[in-house]
Protein chains: 2
Amino acid sequence: MSQVFKALSDPTRRRVLQLLQKGPMSAGALCDHFEFSKPTMSAHFAVLKEADLVHAEKTGKSVIYHLKLSVLEEALLGFIHSFGGLAEAPEPPSKTEPEIVR
Amino acid sequence: MSQVFKALSDPTRRRVLQLLQKGPMSAGALCDHFEFSKPTMSAHFAVLKEADLVHAEKTGKSVIYHLKLSVLEEALLGFIHSFGGLAEAPEPPSKTEPEIVR
DNA sequence: CTCATAATTAGTCATTTAGCTAAATGTGGA
DNA sequence: TCCACATTTAGCTAAATGACTAATTATGAG
C-alpha cells in the first residue's frame, strides 16, 4: 500500500495513470506527453510497475503499458474503508462496533 | 494533492491518521503508540500538517492534533472521481454542506 | 523564580528520489 | 548481417527523506 501511495505522490506518475486509463499505450507514446527524458520516464514507469499499478506487455520493439485498475481500486478503497468509509459510508458506524486499527 | 499522497505513503503517518480518526490527541499521546523518538514523530506530524491533513491546536503545554477528514476525503475522492469513479462512484461531497474544518 | 514537562528545532548521517547524459539491450526491417 | 528504432540500464548529481541525539522553547506547578 505504501508503494501505491508513493507512486501516486508524483504528478507525472498520476498523469501517466490517467493516460493509461483511456487504454494501453506504449512507453514511447506515453513519453510524448511529457518533456522529461525517456530514461526519466522509464524510471517513473518502473515505480508504477513496482507498485503493481501497471502491467508491461512487450510486443516487438515496443513495450505496452496497461493500467491495473483493480490494484488502484483496492488500495484506495481499502484505505478509505479503514476510515469507516469516509464520505460514502453506507452504514453509520455503530458505537459498539470493534474498531480494527491494524 | 501530491503532498497528501506523500503523507499517506508512510505507514507511520497512516497509523497516526487512524489514531486521530477516533478523536483529537496530543503529540505525546500519539508518540506513545510508536517506538520512534519524539523528534522523529514530530517530523511526521509536520508532514501531515504540511499536507493539511491535521490541525495543531496548542493548549497549555500540549499540542492537540485534529484530523482534517474533509481534506482527506477531497483528495482521495477527488482523485477517484478523476478516474471515472473507479469501482463505485460515491457521492461527491456537497459544496453546501457545512463542513467544520479546524 | 526555578524546575519539570511537552514539544519542536538544530545538526548529523545514510538512504532514496528525480532528473540528466551516455551506453547497452533487444527487435524488426533492408 | 547490419542498421535504426524503442526502451532500459549505468552512472552521476542535487535535493529530499527518515532516523537519531542534543539543545531550545514554552508553559504550568511549586
Side-chain angles (χ1 to χ4, degrees), chain A residues 1-20 22-68 75 79 102, chain B residues 1-20 22-68 75 79 102:
Chain A
M1 175 135 79
S2 291
Q3 282 173 316
V4 169
F5 282 122
K6 179 159 278 267
L8 294 179
S9 74
D10 185 285
T12 298
R13 289 191 291 259
R14 287 199 302 274
R15 188 129 169 267
V16 167
L17 293 179
Q18 294 207 338
L19 288 169
L20 290 180
K22 294 186 270 190
M25 205 182 302
S26 74
L30 284 169
C31 286
D32 289 346
H33 288 79
F34 300 88
E35 302 206 318
F36 297 116
S37 71
K38 287 184 212 184
T40 293
M41 292 307 296
S42 188
H44 280 304
F45 301 155
V47 172
L48 293 172
K49 252 186 295 185
E50 187 65 22
D52 200 32
L53 286 170
V54 300
H55 167 74
E57 179 200 356
K58 189 162 181 186
T59 72
K61 269 191 288 194
S62 294
V63 172
I64 309 292
Y65 283 101
H66 301 252
L67 175 62
K68 293 178 76 168
F79 177 73
R102 213 177 7 115
Chain B
M1 174 134 78
S2 291
Q3 283 172 316
V4 169
F5 282 121
K6 188 156 67 73
L8 294 179
S9 74
D10 186 284
T12 298
R13 289 191 291 260
R14 287 200 302 274
R15 184 120 178 276
V16 167
L17 293 178
Q18 293 204 335
L19 288 169
L20 291 179
K22 295 188 270 191
M25 205 182 302
S26 73
L30 284 169
C31 287
D32 289 345
H33 288 78
F34 300 88
E35 302 208 318
F36 296 115
S37 71
K38 285 184 213 184
T40 292
M41 292 307 298
S42 189
H44 280 304
F45 302 154
V47 171
L48 292 172
K49 252 185 295 186
E50 186 65 23
D52 200 34
L53 288 170
V54 301
H55 167 74
E57 177 200 358
K58 187 163 183 187
T59 73
K61 268 190 289 194
S62 295
V63 172
I64 310 291
Y65 283 100
H66 302 250
L67 175 62
K68 293 177 75 168
F79 177 72
R102 174 142 309 174

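Values in this document were obtained by computation on a predicted structure and should not be read as measured data. Numbered from 1 within each chain, the chains take letters A, B, ... in sequence-line order.
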* Starting from P on dT9(C), measure out to CD on Glu50(B) and report it in whole angstrom. => 12 Å
* What is the distance from NZ of Lys38(A) to P of dA4(D), rounded to the nearest Å? -> 15 Å
* To do: Have a look at Ser62(B) and say if it touches a base, only the backbone sugar-phosphate, or nothing, with a 4.0 Å heavy-atom cut-off.
  => sugar-phosphate
* Asked: Between atom CG in Leu48(A) and atom P in dT17(C), what is the gap in whole Å?
  -> 13 Å
* Asked: Nearest to the side chain of His44(B) - dC20(C), dT9(C), dA19(D)?
  -> dA19(D)
* Think Ser37(A) has a side-chain N or O under 4.0 angstrom from the OP1 or OP2 of dG19(C)? -> no
* To do: Would you classify Thr12(A) as touching base, sugar-phosphate or nothing, given that sugar-phosphate means primed atoms plus P, OP1 and OP2, and contacts are heavy atoms under 4.0 Å?
  => nothing
* Asked: In terms of the nearest nucleotide of DNA chain C, which residue is placed more toward the 5' end: Met41(A) or Tyr65(B)?
  -> Tyr65(B)
* Evaluate the side-chain contact (heavy atoms from CB on, under 4.5 Å) criterion for residues Val63(B) and Glu57(B): first the C-alpha distance (whole Å), next the side-chain angles of each, then the deciding distance (0.1 Å), finally the verdict. => CA-CA 6 Å; Val63(B) 172; Glu57(B) 177 200 358; over 6 Å; no
* To do: Look at the aromatic rings of His55(A) and His66(A) and report parallel, tilted or perpendicular, splitting at 30° and 60°.
  => tilted
Donor-acceptor pairs are to be reported for all side-chain atoms of residues 38-52 of chain A against protein atoms at under 3.5 Å, with residues two or more places apart or in another chain.
| from | atom 1 | to | atom 2 | distance (Å) |
| --- | --- | --- | --- | --- |
| Thr40(A) | OG1 | Ser37(A) | OG | 3.0 |
| His44(A) | ND1 | Arg13(A) | NH1 | 3.2 |
| Asp52(A) | OD1 | Lys68(A) | NZ | 2.7 |
| Asp52(A) | OD2 | Lys68(A) | NZ | 3.4 |

* **Shortest side-chain distance from Phe36(A), nucleotide among dC20(C), dA19(D), dT8(C)** => dC20(C)
* To do: With the side chain of Ala27(A) defined as its heavy atoms from C-beta on, choose the nearest nucleotide among dT7(D), dC5(D), dT21(C).
  => dT7(D)
* Would you mind reading off the distance between Asp32(B) atom CG and dA7(C) atom C1', rounded to a whole angstrom? => 13 Å
* Donor-acceptor side-chain pairing of Arg14(A) and Ser2(B) below 3.5 angstrom -> yes
* Please determine if a side-chain N or O atom of Lys58(A) lies less than 4.0 Å away from the OP1 or OP2 oxygen of dA6(D). => no
* Asked: Quick one: which of dT8(D), dT8(C), dA18(C) gets closest to the side chain of Ser42(B)?
  -> dT8(C)
* Asked: Mapping Gly60(A) and Pro39(B) to their closest nucleotides on DNA chain C, which lands nearer the 5' end?
  -> Pro39(B)
* For Arg15(A) and dA18(C), what is the distance between atoms CZ and P respectively, to the nearest whole Å? -> 17 Å
* Asked: How many Å lie between CG on Asp10(B) and P on dT17(D), as a whole number?
  -> 11 Å
* Structure fact -> From CD of Glu35(B) across to P of dT21(D) the rounded distance in Å is 13 Å
* So does Thr40(B) get a side-chain nitrogen or oxygen closer than 4.0 Å to the phosphate oxygens (OP1/OP2) of dC20(D)? -> yes
* **Lys61(B) side chain near dT25(D) phosphate (N/O to OP1/OP2, under 4.0 Å)** => no
* **Gap between atoms NZ and C1', on Lys6(A) and dA16(D) respectively (whole Å)** => 10 Å
* Asked: Which is it for Leu8(B) and Leu17(B) under the side-chain contact (heavy atoms from CB on, under 4.5 Å) test, yes or no, and what are the steps along the way?
  -> CA-CA 9 Å; Leu8(B) 294 179; Leu17(B) 293 178; 3.5 Å; yes
